[in-house]
Structure formats: structure tokens, C-alpha cells
Colleague: 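Below you will find the structure I want to go over with you.
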Amino acid sequence: MKKTKLVLTFFILGLFLLAGCSTEEATPSFILKELASVQWDDEETPVTYVVNPDEARDKIFVYRNEMVSETVFDRTEEIYDLDAATVTDDEIVIEYDGKTETFERLSSSVVQNEERQQYEYSGLSKE
């Protein structure tokens with residue numbers, strides 16, 4: 001009887017431990033893609049953010065336009081360590097490379113940054 005109590009106690013403690021680990025908030029994975037508001041010759045404004053993808057955890061990929069010649073454009077890719085990413089019903093906040101980017105939610109799939117550039121939000125996390 002004493003052995004059964006001990007096993008049951010350890011089983012319950014293990015369940016509490018596992019439940020505590022599962023409530024830990026994971027960094028979300030998502031993509032923000034501009035909605036045709038960035039000009040092709042604008043090399044400063046990001047056109048796409050890929051945040052915390054499965055193939056590169058805790059990283060952010062930032063894509064910008066690059067003018068190769070007067071008629072040829074390409075995309076450049078910059079990869080940074082992701083410091084934090086928060087997704088709420090009101091806003092999305094991304095922190096990387098000493099920068100904090102805040103996007104206001106206009107709808108469930110459209111966000112807008114402080115410069116009024118609009119991006120489409122697509123979640124990558126399997127929920």
C-alpha cells in the first residue's frame with residue numbers, strides 16, 4: 001500500500017511538472033508580406049518578414065527590394081537573431097538586432113507599421 005502511494009505521488013508530481021512546461025509561451029512563427037505599397041526602387045522598407053520559421057528557430061528573415069539595374073530588381077535577404085516576437089489581437093511586436101518593429105492590427109490578416117505600410121499576416125504555427 002505504501003509503495004502504491006509513493007508511485008501515485010510521483011505520477012501526480014510528474015503530471016504537474018509536464019503541465020507547467022506546456023503552459024510556457026512559445027515564440028510564434030509567422031510571415032508579414034507587404035501589400036503592394038512598397039515601390040520597387042525603395043531599398044530601405046522591408047517587403048517581407050519571416051519570423052521564427054521551423055527551419056531556422058529564433059531567427060528572422062527580412063527581405064528588401066534591390067535595384068540591380070534600371071530595369072532589373074531583385075530581393076535581398078538579411079537574417080538576424082530574433083530577440084522576441086509577440087502577437088496579440090491588437091498588435092504584433094518584433095524585436096531583433098536592437099530594433100523594435102510594431103505593427104497595429106487592422107484586421108485578423110492585415111497589419112500596419114508606424115510608417116503606414118500595410119502587410120498581410122500569415123501564421124506559420126500549427127495551433
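FYI, the numbering just counts along the sequence from 1. Computed over heavy atoms, backbone and side chain alike; hydrogens, waters and symmetry mates excluded. Here the structure is a predicted model, which means the values were calculated and not measured.
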Colleague: Spell out, as yes or no, whether a donor-acceptor pair under 3.5 Å connects the side chain of E43 to the backbone of M67.
Modeller: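 Answer holds: yes.
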Colleague: Which value, rounded to the nearest 0.5 Å, describes the distance between E101 atom CD and I60 atom CD1?
Modeller: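 So the CD of E101 and the CD1 of I60 are separated by 7.5 Å.
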Colleague: If you measure from OG1 on T102 to CD on E95, what distance do you get to the nearest 0.5 Å?
Modeller: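 Spacing of OG1 (T102) from CD (E95) equals 8.0 Å.
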Colleague: Rounded to the nearest 0.5 Å, what's the gap from CZ on F61 to CD on E78? Could you check?
Modeller: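 Taking CZ in F61 and CD in E78, the distance rounds to 12.0 Å.
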Colleague: Given side-chain contact (heavy atoms from CB on, under 4.5 Å), test K59 with D81 step by step and report yes or no.
Modeller: CA-CA 5 Å; K59 300 284 183 194; D81 289 332; 2.4 Å; yes
Colleague: For a quick test of reading the model, state the closest non-hydrogen atom pair linking Y121 to V111 and the distance between them.
Modeller: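 Scanning both residues, the minimum pair turns out to be CB-CG1, 4.5 Å.
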Colleague: Is there side-chain contact between E34 and P46, with at least one heavy-atom pair below 4.5 Å?
Modeller: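 Of all side-chain heavy-atom pairs linking P46 with E34, none is under 4.5 Å.
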Colleague: How far apart are the closest heavy atoms of P28 and N52, and which atoms are they?
Modeller: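 Scanning both residues, the minimum pair turns out to be O-CB, 3.3 Å.
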Colleague: Mind running side-chain contact (heavy atoms from CB on, under 4.5 Å) on I94 and L32 for me, showing each step along the way?
Modeller: CA-CA 11 Å; I94 307 169; L32 297 177; 4.0 Å; yes
Colleague: Would N65 and V47 count as a side-chain contact (heavy atoms from CB on, under 4.5 Å) if you check the C-alpha gap in whole Å, the side-chain angles of each, and the deciding distance to 0.1 Å?
Modeller: CA-CA 7 Å; N65 290 331; V47 293; 3.8 Å; yes
Colleague: Can you tell me if CD on E55 sees more than 12 non-hydrogen neighbours from other groups inside 6.0 Å?
Modeller: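 Yes - once you tally the heavy atoms of other residues, nucleotides and ligands closer than 6.0 Å, there are more than 12.
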Colleague: Would you say R75's side chain and E66's backbone share a donor-acceptor pair under 3.5 angstrom?
Modeller: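 No: the side chain of R75 does not pair with the backbone of E66.
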Colleague: Would you please say whether a donor-acceptor pair under 3.5 Å links the side chains of Y119 and Q117?
Modeller: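 There is no such pair between these side chains.
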Colleague: Is there a donor-acceptor contact under 3.5 Å linking the side chains of Y63 and E77?
Modeller: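 Judged by distance alone, the side chains do pair up.
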Colleague: Can you tell me how far CD of E104 sits from CD of Q118, rounded to the nearest 0.5 angstrom?
Modeller: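 One finds 10.0 Å between CD of Q118 and CD of E104.
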Colleague: Nearest 0.5 Å, please: how far is CG in N113 from CD1 in I92?
Modeller: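 Output value for this atom pair is 11.5 Å.
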Colleague: Over all heavy atoms of both residues, which pair between V51 and A85 is shortest? Give the atoms and the distance, please.
Modeller: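 Scanning both residues, the minimum pair turns out to be CG1-CB, 4.0 Å.
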Colleague: Spell out, yes or no, whether L35 and L106 are grouped together once hydrophobic residues are joined by side-chain heavy atoms under 4.5 Å, including indirect joins.
Modeller: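 L35 and L106: one cluster.
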Colleague: Checking side chain to side chain contact (heavy atoms under 4.5 Å, CB included) against R105, which of D90, V110, V87, D89 comes through?
Modeller: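 Of D90, V110, V87, D89, side chain to side chain contact (heavy atoms under 4.5 Å, CB included) with R105 is met by V87 alone.
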Colleague: Angle class for the Y96/Y80 ring planes (parallel below 30°, perpendicular above 60°, tilted otherwise)?
Modeller: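 Tilted: the ring planes of Y96 and Y80 meet at 30° to 60°.
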